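In what follows, a structure is listed as structure tokens, so that the remarks can point back to it.
Quick note on labels: first sequence line is chain A, next is B, and so on, each numbered from 1. Keep in mind that what you see is a predicted model, and the values were worked out from it rather than measured.
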Amino acid sequence: MPKFAPFFANKLTSWYLIHKRDLPWRGSDNPYYIWLSEIILQQTRVAQGLPYYLKFVEAFPTVEALANASETDVLKLWQGLGYYSRARNLHFTANYIVNTCNGVFPKDYQGLVTLKGVGDYTASAIASICYNEPTAVVDGNVYRVLSRVFGVHTPINSTQGKKEFKSLAQQLLDESQPGTYNQALMEFGARYCVPQNPECSNCIFNDRCEAYKTNAVGQLPVKLKKRNVKKRYFNYIVILSENDKTLLQKRTGKGIWQGLYEFPLLESTSEINEFQLKEMNAFQELAKKHQLSEITLYNETSVIHKLSHQHLYTRFWIGSASEKITNSISIKNVKEYAVPVLLQNFITEFFSS
DNA sequence: AAGTCGGGGCC
DNA sequence: GGCCCAGACTT
């Protein structure tokens with residue numbers, strides 16, 4: 001264990017008490033609010049998650065209120081935040097807490113980590129903040145700060161690295177105030193020891209920081225590999241009927257956007273023109289089923305929607321249908337459905353003009 | 001152990 | 001363009 005561990009915790013906490021942001025979940029030790037905030041903030045910047053937290057607390061002030069909502073309503077409120085399995089697990093766990101645990105959250109790390117959507121980080125955060133259990137959190141901020149200050153070059157996304165950083169974080173933890181200490185470490189990473197161009201010359205740790213000493217700040221933390229981004233080609237068929245109805249389908253099964261809605265989707269292996277679209281069996285079935293009379297391409301240049309690991313080259317095709325399309329919904333009700341941002345952008349542009 | 005899962009902000 | 005974000009789950 002590093003000799004200056006006690007100094008590290010003290011300096012960190014002192015810094016935190018001065019510089020911490022005033023966030024709505026801070027100051028509470030109600031596990032419902034802490035749990036909700038932690039799920040929302042997984043892989044999500046505070047600035048992006050904050051409005052969603054406020055919306056959720058207002059719509060669902062208690063875990064019972066969240067459990068009583070429908071998954072559809074929860075997904076609609078989550079729309080735009082991404083990683084939608086978080087929303088589905090959130091709703092599932094709310095029901096589990098209410099129906100199986102008498103509305104009471106588990107009281108320690110071991111119990112919390114069994115909840116769906118709650119892993120090592122989130123269980124540690126809730127346990128330390130709500131119950132003062134000395135469990136160290138390790139998130140992206142912690143990896144960065146510890147790798148730099150203590151000069152740890154083990155890749156943070158390797159099995160060995162995860163083990164090593166968790167162990168180091170646990171040794172450094174101030175057990176007299178684990179919740180405050182954990183938040184201080186993360187806040188320091190988020191606000192001072194940032195990924196790009198941190199102000200090392202004024203840093204409170206620059207007399208001790210291994211990365212600063214060895215001029216390795218820009219190389220830490222070490223991360224293995226780059227992801228292989230795949231290209232996919234989406235063709236959305238936007239059906240317009242004479243009585244202002246259209247067709248939306250729910251995405252089921254595996255893959256992106258599970259549980260969200262979209263227009264009928266035809267995926268191709270490259271960008272296609274109208275002739276090629278009409279050659280597709282799936283299109284012919286759709287055209288026959290809904291008696292599509294004509295089809296026109298809305299955007300000549302594809303919309304490129306970028307996800308972490310795939311780029312979606314998307315074209316919207318507008319089709320006119322007979323009045324009697326089945327399972328249709330009114331266009332004015334489209335906004336009631338949770339849809340991917342890619343579709344929300346199109347809907348806003350197309351139906352409001 | 002490697003893949004998968006979103007969207008946005010920053011450089 | 002690439003990287004990262006108060007990570008978790010599946011295969």
When A/N345 and A/K162 are each assigned the nearest nucleotide of DNA chain B, the 5'-most assignment goes to A/K162
Side-chain H-bond candidate by donor/acceptor type, A/Q42 with A/R86, under 3.5 Å:
no
Side chain to side chain contact (heavy atoms under 4.5 Å, CB included) involving A/N345 - partner list, sequence neighbours excluded
A/V341
B/dC5 OP1/OP2 closer than 4.0 Å to side-chain N/O of A/H309
yes
What integer number of Å spans the P atoms of C/dA6 and B/dT4?
25 Å
When you compare B/dG8 with C/dA8, how far apart are their P atoms, in angstrom units rounded to a whole number?
22 Å
Using only heavy-atom distances, determine whether the side chains of A/E336 and A/N333 contain a donor-acceptor pair under 3.5 Å.
no
Stretch residues 122-139 of chain A: residues that reach within less than 4.0 Å of DNA chain C through a heavy atom
A/T122, A/D139
Please tabulate, one pair per line, all N/O donor-acceptor pairs under 3.5 Å involving side-chain atoms of residues 109-116 of chain A, not counting sequence neighbours.
{"from": "A/Y109", "atom 1": "OH", "to": "A/D120", "atom 2": "OD1", "distance (Å)": "2.6"}
{"from": "A/T114", "atom 1": "OG1", "to": "A/G111", "atom 2": "O", "distance (Å)": "2.6"}

5′-ward residue of the pair A/R21/A/K116 relative to DNA chain C:
A/R21
Sugar-phosphate, base or nothing in reach of A/T44, heavy atoms under 4.0 Å
base
Of the residues in residues 247-271 of chain A, which ones touch DNA chain C at a heavy-atom distance under 4.0 Å?
A/K254
Checking all strands, does A/V142 fall into the base, sugar-phosphate, or nothing category for heavy-atom contacts under 4.0 angstrom?
nothing
Is a side-chain donor or acceptor of A/S37 paired with a backbone partner of A/I34 at a separation under 3.5 angstrom?
yes
Validation: residues 209-221 of chain A side-chain donor-acceptor distances under 3.5 Å, sequence neighbours left out:
{"from": "A/E210", "atom 1": "OE2", "to": "A/K213", "atom 2": "NZ", "distance (Å)": "3.4"}
{"from": "A/T214", "atom 1": "OG1", "to": "A/E210", "atom 2": "O", "distance (Å)": "2.8"}

Protein-nucleic acid N or O pairs under 3.5 Å, nucleotides 9-11 of chain B:
none

Report the residues that fulfil side chain to side chain contact (heavy atoms under 4.5 Å, CB included) with A/Q284, sequence neighbours left out, ordered by chain and then residue number.
A/N281
Atom CG of A/L81 and atom P of C/dA8 are separated, to the nearest Å, by 15 Å
Please tell me which of the listed nucleotides, C/dG7, B/dT4, C/dC4, lies nearest to the side chain of A/Y121?
C/dG7
In chain order, what residues pass the side chain to side chain contact (heavy atoms under 4.5 Å, CB included) check against A/K306, with sequence neighbours excluded?
A/I304, A/H311
Tell me, which pairs form a ring pair (Phe, Tyr, Trp, His ring centres under 6.0 Å) where one or both residues lie in residues 166-198 of chain A, sequence neighbours left out?
A/W15-A/F188, A/F188-A/Y192, A/F188-A/F205
Spell out, as yes or no, whether a donor-acceptor pair under 3.5 Å connects the side chain of A/R251 to the backbone of A/E262.
no
Select base, sugar-phosphate, or nothing to describe what A/K230 touches, counting heavy atoms under 4.0 Å on all strands.
sugar-phosphate
Are the side chains of A/E274 and A/I295 in touch, meaning some heavy atoms are under 4.5 Å apart?
yes
Residues from residues 25-43 of chain A lying under 4.0 Å of DNA chain C - heavy atoms
A/W25, A/R26, A/E38, A/L41, A/Q42, A/Q43
Between A/Q310 and B/dC5, does any side-chain N or O lie under 4.0 Å from OP1 or OP2?
yes
Just by distance, do the side chain of A/E71 and the backbone of A/H91 share a donor-acceptor pair under 3.5 Å?
no
So, does A/Y84 get its side chain near the phosphate of B/dG7, meaning an N or O under 4.0 Å from OP1 or OP2?
yes
Integer angstrom distance from the P of C/dC3 to that of B/dG3
16 Å
Once you apply a heavy-atom cut-off of 4.0 Å, does A/G80 come out as touching a base, just sugar-phosphate, or nothing?
sugar-phosphate
Test item: A/Y16 side-chain N/O and A/M186 main-chain N/O as donor-acceptor pair under 3.5 Å
no
What residues from residues 50-61 of chain A pass a heavy-atom cutoff of under 4.0 Å to DNA chain B?
none
Tell me whether the centres of the aromatic rings in A/F346 and A/Y298 are closer together than 6.0 Å.
yes
Strictly by modelled atom types, are A/Q79 and A/K76 linked by a side-chain donor-acceptor pair under 3.5 Å?
yes
Between A/T93 and A/L90 (side chain of the first, backbone of the second, donor and acceptor by atom type, cut-off under 3.5 Å), is there such a pair?
no
Base, sugar-phosphate alone, or nothing: which one does A/N182 contact when heavy atoms must sit under 4.0 Å apart?
nothing
Return the set of residues passing side-chain hydrogen bond (donor to acceptor under 3.5 Å, both in side chains) with A/K245 (not counting sequence neighbours), or none when no residue passes.
none
Assign each of A/N89 and A/L23 to its nearest nucleotide of DNA chain C by heavy atoms, then name whichever residue's nucleotide is nearer the 5' end.
A/L23
